[in-house]
Asks: 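Mind looking over this structure? Questions follow.
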Amino acid sequence: DIGNNITPYESGSICVGFVNYLDTNGEISNLIFDGTVNVTFKDGLSNLTDRSGVAAIAGYSQGKITNCINKADVKAPYLASGIASYLKSAKIDNCVNSGNIEGTSYVGGISSNGAITLTNSYNTGNVTGRYYVGGIVGVGEAKGLKDDIIENCSNEATVTAEAYVGCIAGKLAGLKLVSCTNKNSV
């Protein structure tokens, strides 16, 4: 178990997590994170880039995350999630989020946004935002890879948003969704 409190920058573009940036050859496994992640910006969202991301385990990932658990509540204005936030051809397998996740847009229990292979994972923490909010992913996008899929995943918590909200995903763009379940309300 790793307990940590992350309260980073007051302004600028960011990637925040136990690991800020996980490269293509990087791998995180068998990690349990318990603490808090709370990100605020003095000047609002004006300086965030499309690669900004806030999560307990990895802020930005191109690598592989397996057998990880997040128990921490995560609060950020944009791209907030429990396991890994912004993803580019990343893989997440057998991970669990039980922390409550709160943000404005691109908010997900496991991941916020990006191209992903997400398998055998589930969310039990409430997920709250305004736009593009999902129990598993805020937005899932396919990048033309055969592995672009969300499979055998489950949401067991309440998901709340104003628009583009779903029990599994707020928005899917070309990503395959296979054998996923929802056990709570949206």
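Throughout, residue positions are numbered sequentially from 1 according to the sequence presented.
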Asks: Contact between Ile116 and Ile92 at the side-chain level, heavy atoms closer than 4.5 Å - yes or no?
Replies: yes
Asks: Indicate the atoms forming the closest heavy-atom contact of Gly35 with Ala72, along with that distance.
Replies: O-CB, 3.0 Å
Asks: Going by salt bridge (charged side-chain N to carboxylate O under 4.0 Å, His left out), name the residues that satisfy it together with Lys91, two or more places apart in sequence or in a different chain.
Replies: Asp147
Asks: When rounded to the nearest 0.5 angstrom, what distance separates CG in Asn67 from CG in Asn30?
Replies: 5.0 Å
Asks: Drop me the distance from Cys95's SG to Leu31's CG, to the nearest 0.5 angstrom.
Replies: 9.0 Å
Asks: Give me the ring orientation class for Phe33 and Phe18: parallel if the planes are under 30° apart, tilted from 30 to 60°, perpendicular past 60°.
Replies: perpendicular
Asks: Please report the closest heavy-atom contact between Gly174 and Ala142, naming both atoms and the distance.
Replies: O-CB, 3.3 Å
Asks: Could you label the plane-to-plane angle of the Tyr106 and Tyr78 rings as parallel, tilted or perpendicular, counting under 30° as parallel and over 60° as perpendicular?
Replies: perpendicular
Asks: Determine, stepwise, if the pair Val133 / Val159 fulfils side chain to side chain contact (heavy atoms under 4.5 Å, CB included).
Replies: CA-CA 7 Å; Val133 179; Val159 180; 3.8 Å; yes
Asks: Test side chain to side chain contact (heavy atoms under 4.5 Å, CB included) on Val139 and Val137 and set out the steps.
Replies: CA-CA 6 Å; Val139 175; Val137 299; over 6 Å; no
Asks: According to ring pair (Phe, Tyr, Trp, His ring centres under 6.0 Å), does anything in residues 155-180 pair up with another residue at least two apart or in another chain? List the pairs.
Replies: Tyr132-Tyr164
Asks: Does any non-hydrogen side-chain atom of Ile83 lie less than 4.5 Å from one of Ile65?
Replies: yes
Asks: Are Glu156 and Asn123 packed together at the side-chain level, in the sense that at least one heavy-atom pair is separated by less than 4.5 angstrom?
Replies: no
Asks: Between atom CD1 of Ile28 and atom OG of Ser61, what is the distance when rounded to the nearest 0.5 Å?
Replies: 6.5 Å
Asks: Can you find a side-chain donor-acceptor pair between Ser98 and Thr124 that sits under 3.5 Å?
Replies: no
Asks: Looking only at heavy atoms, what is the nearest atom pair of Gly125 and Ala157, with distance?
Replies: O-CB, 3.1 Å
Asks: So how far is it from Glu102 CD to Asn38 CG, rounded to the nearest 0.5 Å?
Replies: 9.0 Å
Asks: With no hydrogens and no angle check, do the side chains of Asn97 and Asn70 hold a donor and an acceptor under 3.5 Å apart?
Replies: yes
Asks: I'd like to check the side chain to side chain donor-acceptor pair (under 3.5 Å) partners of Asn126; sequence neighbours left out, ordered by chain and number.
Replies: none
Asks: Would you name the heavy atoms of Ala80 and Val74 that are closest together and state the gap between them?
Replies: CB-CG1, 4.4 Å
Asks: Could you tell me the separation between the CD1 atom of Ile32 and the CD1 atom of Ile57, rounded to the nearest 0.5 Å?
Replies: 9.5 Å
Asks: Taking all heavy atoms of Leu87 and all of Ala84, pick out the closest pair and write down the distance.
Replies: CD2-CB, 3.6 Å
Asks: I'd like to check Thr160 versus Val165 (side-chain heavy atoms, cut-off strictly below 4.5 Å). Are they in contact?
Replies: no
Asks: How far apart are the C-alpha atoms of Leu118 and Cys153, what are their side-chain angles, what is the distance that settles it, and do they pass the side chain to side chain contact (heavy atoms under 4.5 Å, CB included) test?
Replies: CA-CA 8 Å; Leu118 186 104; Cys153 293; 3.4 Å; yes
Asks: Enumerate the residue pairs fulfilling salt bridge (Lys or Arg N to Asp or Glu O under 4.0 Å) with a member in residues 113-127, sequence neighbours excluded, ordered by first and then second residue.
Replies: none
Asks: Measuring only between side-chain heavy atoms, which start at C-beta, is Cys180 closer than 4.5 Å to Glu151?
Replies: no
Asks: Say whether, by atom type as modelled, one donor and one acceptor occur between the side chain of Asn20 and the main chain of Gly59 under 3.5 angstrom.
Replies: no
Asks: Could you walk me through whether Leu79 and Val54 satisfy the side chain to side chain contact (heavy atoms under 4.5 Å, CB included) test, starting with their C-alpha distance in whole Å, then the side-chain angles of each, then the deciding distance to 0.1 Å, before giving a yes or no?
Replies: CA-CA 6 Å; Leu79 285 165; Val54 178; 5.9 Å; no
Asks: With salt bridge (Lys or Arg N to Asp or Glu O under 4.0 Å) as the rule and sequence neighbours excluded, what pairs involving residues 161-173 come up?
Replies: Arg130-Glu162
Asks: Using a 4.5 Å cut-off on heavy atoms from C-beta on, say whether the side chain of Ile150 contacts that of Leu175.
Replies: yes
Asks: One pair to check against side chain to side chain donor-acceptor pair (under 3.5 Å): Thr119 and Asn152. What are the steps and the verdict?
Replies: CA-CA 6 Å; Thr119 54; Asn152 295 324; over 6 Å; no
Asks: What pairs of residues pass the salt bridge (Lys or Arg N to Asp or Glu O under 4.0 Å) test when at least one of them lies in residues 16-27, not counting sequence neighbours?
Replies: none
Asks: So, taking the atom named CG in Asn155 and the one named OG in Ser121, what distance separates them when rounded to the nearest 0.5 Å?
Replies: 12.5 Å
Asks: Can a donor-acceptor pair be found, under 3.5 Å and without considering hydrogens, that links the side chain of Ser154 to the backbone of Tyr122?
Replies: no
